[in-house]
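Heavy atoms only: backbone and side chains are in, while hydrogens, waters and symmetry mates are out.
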Amino acid sequence: MNTHTTDLSLQEKLKILSDAAKYDVACTSSGSNRRGKQGYLGNAVPDGICHSFASDGRCISLLKILLSNECIYDCKYCLNRSTNDHPRTTFTPDEICTLVIEFYRRNYIEGLFLSSGIVRSPDYTMEQIYQTLYLLRTVYRFNGYIHVKAIPGASEELIAKTGYFADRMSVNLELPTTDSLQKLAPHKKPENLIKPIRQIQDGIIEHRLLIGKNAEMERSSGNRYLHHTIFKDNPYKRLEAQKSIGTSYSLPKRYREQSQFVPAGQSTQMIIGATGENDLQLLTTTQKLYQQYDLKRVFFSAYVSLNEDPSLPTPGTAPPLLREHRLYQADWLLRFYGFHAQELLSEDHPNFNIMLDPKCDWALRHLELFPVEINTADYATLLRVPGLGTKSAMRIVKARRQSKLDFPHLKKIGVVLKRAKYFITCSGKMMYSIPIHEDFITRQLLGEDGRQNWDIEHPQTYRQLSLFDDFHFHSNSTYEDTRKTCLGQL
């Protein structure tokens, strides 16, 4: 049975609820730009939040806590599930405000990341989160970065009002398919998870329209993999106009016009390895979230076997860290390199070669497109060459306007040829006499990447600056703490 602890000091609550928050990885740069104002404390800048990481992978500049580790739900994968027996406690809104202000004044943090278990009901929990943000912004006049979780099942009014005080909001999908949800979290309904995501997206659009900004949104045609995901509606059908958030709820109109609604956008998280989805299903769901709901980030969390349940991997099973790493790399290709999920993977090839980065994996299956001529290929083609990033491709495009490029010239302008040398030519010549055969290039790439792959799967323990050193908190580092430290989840 659960033990609800009473009469705990603020430091004791902090130790419990900061530790309980470490499994939520949706924590990244702010993406919000708000200058300091006279009479207010702090500010928020797009690249001013992430500096260092504590022992469990948290950004050292964010106070990352749960409002409560109590929960009425019994999700099989969750450490805070209702049937787990461990100490439970809950912050009051004023206690969180005190922590944020005192940590900020000590120069420990620049912002707050606040999530929570479901206490009593979704509405009650969301109300407590809203009260916390309301006090921080209006009473304590805190002007720094705030990222909070929207609670599925809470009223639209509470989520909307909270959005005017938060920089970023997120709703964790946790699992990408209806079958997985039914298996591990049967009380969670897909429509209840999607509803707040859609509401936050509509609120962001309405606010952009309110302040006269362009709200154009790109849409793509559907594909037959989408019916396997948790989304039941046509993912590329635009939602019908709904009642304006700005006129439905009780915030004064003047405040709505002066404030921003979730200016840093929204994100979500999916667990990797707790259920049997392949990489294509995960990447297709990720792509759909970006295209249909304009999410800023989709985070992946390699499942750590914490609970004993026949539906889950046995305790002690190693987390799929390298697979998580490959999915993050593939996510980068979707967002910045112009790839689509159905290009990177297919029904015949539904999973990445875990030993190769996804772009190399794709290139080796499309060797008919290589080698690419550096002096004539367009920017989009250069982006598809393994080893060439956005900066390298742009340098090549600019440099070749002056003269033809050769391999020494590529090195001179900072292009790393470790991988690219197998896939490019300069004036029709390759760097070495390299056979364009899949087996040969695969062996070469595996040899070069072997050490990095080993390091990802075998993180080393080392000490970093702790957010709570001032309070003399000490605890043994777990395997999960160590791997979060190494990965950072950026």
Inset, instruction - Determine, for F339 and R384, whether the Lys NZ or Arg CZ falls below 6.0 Å from the six-membered ring centre while staying within 45 degrees of the axis. - result: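 Yes, R384 and F339 form such a contact.
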Inset, instruction - Using side-chain hydrogen bond (donor to acceptor under 3.5 Å, both in side chains) as the criterion, list what pairs up with T275, not counting sequence neighbours. - result: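 Only S180, E277 meet the side-chain hydrogen bond (donor to acceptor under 3.5 Å, both in side chains) criterion with T275.
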Inset, instruction - Mind checking side-chain hydrogen bond (donor to acceptor under 3.5 Å, both in side chains) for T381 and listing every partner two or more places apart, or none if nothing turns up? - result: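 Applying side-chain hydrogen bond (donor to acceptor under 3.5 Å, both in side chains) to T381 gives D378.
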Does a side chain donor of either [X] or [Y] reach within less than 3.5 Å of an acceptor in the other side chain?
X: D361; Y: H349; value: yes
X: T177; Y: D179; value: no
X: N307; Y: K76; value: no
X: D309; Y: Y77; value: no
X: Q269; Y: S170; value: no

Inset, instruction - Look at the side chain of S305 and the backbone N and O of G316, then say whether any donor-acceptor pair between them is shorter than 3.5 Å. - result: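 Not at all, since once roles are kept as given, no pair shorter than 3.5 Å links the two residues.
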Legend entry - Side-chain (N278) to main-chain (L280) donor-acceptor, under 3.5 angstrom: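 Confirmed, N278 side chain pairs with L280 backbone.
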Inset, instruction - Give a yes or no on whether a salt bridge exists between E102 and R106, defined as a side-chain N under 4.0 angstrom from a carboxylate O. - result: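 The answer is yes: the pair qualifies as a salt bridge.
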Inset, instruction - In plain terms, say whether R323 and D279 are close enough for a salt bridge, that is, a side-chain N and a carboxylate O under 4.0 Å apart. - result: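 Yes, charged N to carboxylate O under 4.0 Å.
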Inset, instruction - Measure the shortest side-chain to side-chain distance between L62 and I109 over non-hydrogen atoms and say whether it is less than 4.5 angstrom. - result: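 Side chain of L62 against side chain of I109, heavy atoms only: no contact under 4.5 Å found.
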Inset, instruction - Let me know which of V298, T286, T268 forms a side-chain contact (heavy atoms from CB on, under 4.5 Å) with L173. - result: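 Result for side-chain contact (heavy atoms from CB on, under 4.5 Å) with L173: T268.
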